[in-house]
Amino acid sequence: MFFINQLRKDGIQIIVTRFANKMKSFFISNLEVKLPVIQGGMGVGVSLSGLAAAVANEGGIGVISCAGLGLIYHNSQGDYPTKSMFGLKEEIQKARVKSKGIIGVNIMVVLTNYADMVKTSIAEKVDVIFSGAGLPLDLPSFLTKDSKTKLVPIVSSPRAAKIICEKWKMNYNYLPDAIVVEGPKAGGHLGFKADQLDDEQYALEHLVPEVIKITQLYQNEKNIPVIAAGGISSGQDIYDLIKMGASGVQMGTLFVTTTECDASDTFKNVF
Ligand SMILES: Cc1cc2nc3c(=O)[nH]c(=O)nc-3n(C[C@H](O)[C@H](O)[C@H](O)COP(=O)(O)O)c2cc1C
């Protein structure tokens with residue numbers, strides 16, 4: 001309880017600056033991420049422009065989640081897909097006003113308005129698209145000639161990482177700009193079964209080196225940094241994963257109870 005109170009009082013700064021002097025920047029293509037912390041996209045109003053801008057202002061990547069934007073912007077004009085596109089534009093623009101840092105968008109493949117959300121993000125020149133909850137096999141097809149948006153799939157296995165790299169290369173002559181690997185302890189719904197939670201074979205510490213091996217198959221063509229996610233909650237966790245070869249970490253749960261998080265106070269207190 002003390003931990004939650006303390007985070008809420010001091011906000012994002014306490015999370016990131018506590019570790020900042022030990023962490024190195026890394027690059028997602030030509031984009032330098034000064035603080036190797038990505039705030040995971042959290043749906044239905046948990047990570048919007050407020051949280052994303054706060055993390056981006058500290059040098060990490062702040063991420064707006066697309067899930068449920070049409071519900072949050074229910075008072076705007078049109079049907080659900082139209083409200084969602086309007087909401088996404090609004091949130092990206094609000095984040096840009098609050099921060100000059102790196103702003104990303106999280107778009108789950110399972111969303112019925114996936115294509116709308118990807119096209120809107122690219123048109124709004126968002127810095128990075130993170131996409132998981134399914135294999136984002138056609139994501140590069142949405143890039144336009146002049147777009148600079150980086151594409152980062154989220155996977156839970158080295159097999160998925162390999163399939164995405166192979167298909168993107170074959171179909172679009174494009175490789176991921178980074179890969180997020182989420183282990184079984186990640187917050188939110190994942191495809192892991194209960195008995196896999198404590199199985200070493202599925203542990204994040206096992207998955208990270210395996211996904212790095214996949215990215216190394218392409219090292220002559222592109223540097224693909226690997227970002228570790230799931231159950232990371234301390235500076236020691238971050239340090240250990242970076243020592244293992246991860247370029248950065250993605251965290252969700254730890255940001256939920258901060259003052260900057262966009263969820264309601266009721267949600268934060270329950271959380
Ligand atoms: C409340 C909540 C909502 C989430 N919503 C999404 C989402 O919309 N899309 C997604 O890809 N991941 C989602 N996630 C996963 C996070 O982006 C992140 O990868 C994960 O939380 C990392 O693990 P951690 O919570 O242990 O730090 C969610 C996580 C939480 C806790």
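Atoms considered below: every heavy atom in the structure, side chains included; atoms not considered: hydrogens, waters and symmetry mates. Whatever order the structure lists them in is the order used to number ligands and atoms, beginning at 1.
Linking Ile, Leu, Val, Met, Phe, Trp and Tyr whenever their side-chain heavy atoms come within less than 4.5 Å puts Trp168 and Ile122 in one cluster. Val110 and Met85 end up in the same hydrophobic cluster when Ile, Leu, Val, Met, Phe, Trp and Tyr side chains are linked at under 4.5 Å. Cluster membership for Leu254 and Ile242, using ILVMFWY side-chain heavy atoms within less than 4.5 angstrom, is shared.
Atoms of ligand 1 lying under 4.0 Å from at least one heavy atom of Gln250, given by number and element, are 17 (O), 18 (C), 19 (O). Each of the following atoms of ligand 1 lies closer than 4.0 Å to a heavy atom of Gly252: 21 (O), 22 (C), 24 (P), 25 (O), 27 (O). Atoms of ligand 1 found under 4.0 Å from any heavy atom of Lys185 (numbered from 1 in listed order, with element): 26 (O). Counting atoms of ligand 1 from 1 in the listed order, those under 4.0 Å from a heavy atom of Gly231 are 23 (O), 24 (P), 26 (O). Interface of Ser65 with ligand 1, defined as ligand atoms under 4.0 Å from a residue heavy atom, comprises 8 (O). The atoms of ligand 1 that sit less than 4.0 Å from any heavy atom of Met251 are 27 (O). Atoms of ligand 1 lying under 4.0 Å from at least one heavy atom of Gly230, given by number and element, are 22 (C), 23 (O), 26 (O).
Proximity of Ala133 to ligand 1 is not established, as no heavy-atom distance is less than 4.0 Å. Not a single heavy atom of Leu254 sits under 4.0 Å from any atom of ligand 1.
Checked by distance only, ligand 1 and Gly43 come closer than 3.5 Å through their nitrogen or oxygen atoms. Residue Gly187 places at least one N or O, backbone or side chain, under 3.5 Å from an N or O of ligand 1. Residue Ala186 has no nitrogen or oxygen atom sitting less than 3.5 Å from a nitrogen or oxygen atom of ligand 1, judged on distance alone.
Salt bridge absent: Asp138 and Lys167 never bring a charged side-chain N and a carboxylate O closer than 4.0 Å. Ion pairing between a basic and an acidic side chain is recognised when a charged N comes within 4.0 Å of a carboxylate O; Lys94 and Glu90 show no such pairing.
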Evaluate the salt bridge (Lys or Arg N to Asp or Glu O under 4.0 Å) criterion for residues Lys169 and Glu221: first the C-alpha distance (whole Å), next the side-chain angles of each, then the deciding distance (0.1 Å), finally the verdict. CA-CA 10 Å; Lys169 195 178 157 193; Glu221 293 158 78; 3.1 Å; yes

Verdict with supporting geometry, Thr82 and Asp79, side chain to side chain donor-acceptor pair (under 3.5 Å): CA-CA 5 Å; Thr82 310; Asp79 55 7; 2.4 Å; yes

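Among Met42, Gln39, Met108, the residue whose heavy atom lies nearest to atom 4 (C) of ligand 1 is Met42. Heavy-atom proximity to atom 11 (O) of ligand 1, evaluated over Ile38, Asn106, Val110, is greatest for Asn106. Taking each of Gly41, Ser233, Gly40 in turn, the one with a heavy atom nearest to atom 12 (N) of ligand 1 proves to be Gly41.
Note that Lys34 lies outside the cation-pi zone of Phe26, set by a 6.0 Å cut-off to the ring centre and a 45° limit from the axis.
Formation of a donor-acceptor pair under 3.5 Å by the Asp127 side chain with backbone atoms of Ile103 is found in this model.
In this structure, the separation between CG on Asn223 and OG on Ser29 is 9.5 Å, given to the nearest 0.5 Å.
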